[in-house]
Amino acid sequence: MTDTQHSPTAAGSGASATESFLTTEMYEAARQVPPERVDAVVRAVLDGVHAAIREHKVTYPEFQAAKAWLIQVGEGGEWPLFLDVFVEHVVEEVQAETQQGTKGTILGPYYLPGQKRLTSPATLPMREDETGRPLVFAGQVRDVDGNPAPGAEIDMWQADADGYYSGFAPHLPEGNLRGLVVADDEGRFEIRTIQPAPYQIPTDGPTGKLIGAAGWHPWRPAHLHLIVSAPGHRAITTQLYFRGGEWLDSDVASAVKPELVLDPQDQGDGTARVEYDFVLERDAGARAA
Ligand code: MBD
Ligand code: FE
């Protein structure tokens with residue numbers, strides 16, 4: 001395949017994220033927002049827009065440019081991409097105010113449910129010639145009191161060593177570097193994968209165009225995505241990053257937290273290993289005030 005086919009396009013990753021979103025239960029939940037909340041929150045958003053226009057004395061050409069851009073984001077299917085990159089981190093920050101245990105961070109637009117179930121120790125599905133430094137990622141899922149969490153599952157997805165996600169890049173096999181790993185009776189897990197590359201927002205779509213027009217950079221640091229769950233516990237959606245990696249201090253999606261940075265150790269054979277334990281709080285019932 002040529003480099004052109006490999007380069008991320010708006011028609012590829014961004015738009016597929018819209019199709020994916022429209023089939024999730026997250027989309028269903030959108031029907032249940034009560035009118036009082038719509039009134040209060042939309043009013044506040046509009047107040048913010050009005051304030052920005054006054055402060056910066058926004059002109060008619062600028063207003064029309066904004067309108068054209070908003071239309072393009074919709075037509076290009078990049079709303080999930082744009083919102084997850086520039087807005088989700090604050091929603092997560094608010095949710096985190098009531099969450100104990102391992103730090104969470106944003107879900108992002110590239111989660112696909114229903115991946116292959118694998119029993120630990122497991123290897124994520126990958127191509128025979130998958131490139132990238134082999135990584136062994138091991139640890140234990142426990143509750144906030146330090147007890148092992150039986151029945152724990154680690155739903156994991158990541159970019160490959162070129163920064164592409166399966167399901168959102170046509171050259172990758174379905175399910176590549178995605179898997180639902182079932183931990184042992186004591187919540188212990190060991191997962192073999194490869195170290196991902198940093199992720200670049202597609203530069204040819206409306207989100208990338210905006211980033212370029214504003215003079216920002218389009219990069220996220222390399223990361224693993226995880227949803228860690230166990231029966232009777234509140235699942236945690238998070239990401240793990242790599243110490244010393246590029247863009248750690250300037251993630252375009254503002255989703256890095258210092259507690260989420262791994263430091264894999266080279267095992268002398270080109271393989272790296274790292275341990276990370278997850279702490280889950282008990283389910284909503286136990287937490288309700
Ligand atoms: C990603 O891989 C990602 O994790 C987020 C949050 C946004 C865009 C691409
Ligand atoms: Fe990601």
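In listed order, ligands and their atoms are each counted from 1. Remember, it's a predicted structure, so these values are computed and weren't measured experimentally.
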- Do me a favour and list the nearest non-hydrogen protein atom to atom 2 (O) of ligand 1 with residue, atom name and distance? Tyr165 OH, 2.9 Å

- Task: Decide whether an N or O pair under 3.5 Å exists between Tyr110 and ligand 1.
- Result: no

- Query: Can we call the ring centroids of Trp69 and Phe82 under 6.0 Å apart?
  - Reply: yes

- Angular separation of His225 NE2 and Tyr165 OH about the Fe ion (ligand 2), given to 10°: 100°

- Message: So if I count the atoms of ligand 1 from 1 in the order they appear, which ones are less than 4.0 Å from some heavy atom of Val85?
- Response: 7 (C), 8 (C)

- Message: For the aromatic rings, using the six-membered ring if either is Trp, is the centroid distance between Trp216 and Phe86 under 6.0 Å?
- Response: yes

- Ranked by distance from atom 9 (C) of ligand 1, the top protein heavy atom is Tyr199 CE2, 3.2 Å

- Do any N/O atoms on His225 end up under 3.5 angstrom from N/O atoms on ligand 1? yes

- Message: Is it the case that ligand 1 has an N or O less than 3.5 angstrom from some N or O of Asp84?
- Response: no

- Lys/Arg N to Asp/Glu carboxylate O, Asp266 vs Arg273, below 4.0 Å: no

- Query: Taking atom CE of Met156 and atom CG of Leu180, what is their separation to the nearest 0.5 Å?
  - Reply: 12.0 Å

- Residue, atom and distance of the protein heavy atom nearest atom 6 (C) of ligand 1 read Ile106 CD1, 3.2 Å

- ligand 1-proximal atoms of Pro109, by part, heavy-atom distance under 4.0 Å: side chain

- Can the ring centroids of His223 and Phe242 be said to lie less than 6.0 angstrom from one another? no

- What residue and atom, counting heavy atoms only, is the protein's closest point to atom 3 (C) of ligand 1, and at what distance? Arg220 NH1, 3.4 Å

- Measure the shortest side-chain to side-chain distance between Thr207 and Ile211 over non-hydrogen atoms and say whether it is less than 4.5 angstrom. yes

- Item | Aromatic ring proximity His225/Tyr165, centre distance under 6.0 Å | yes

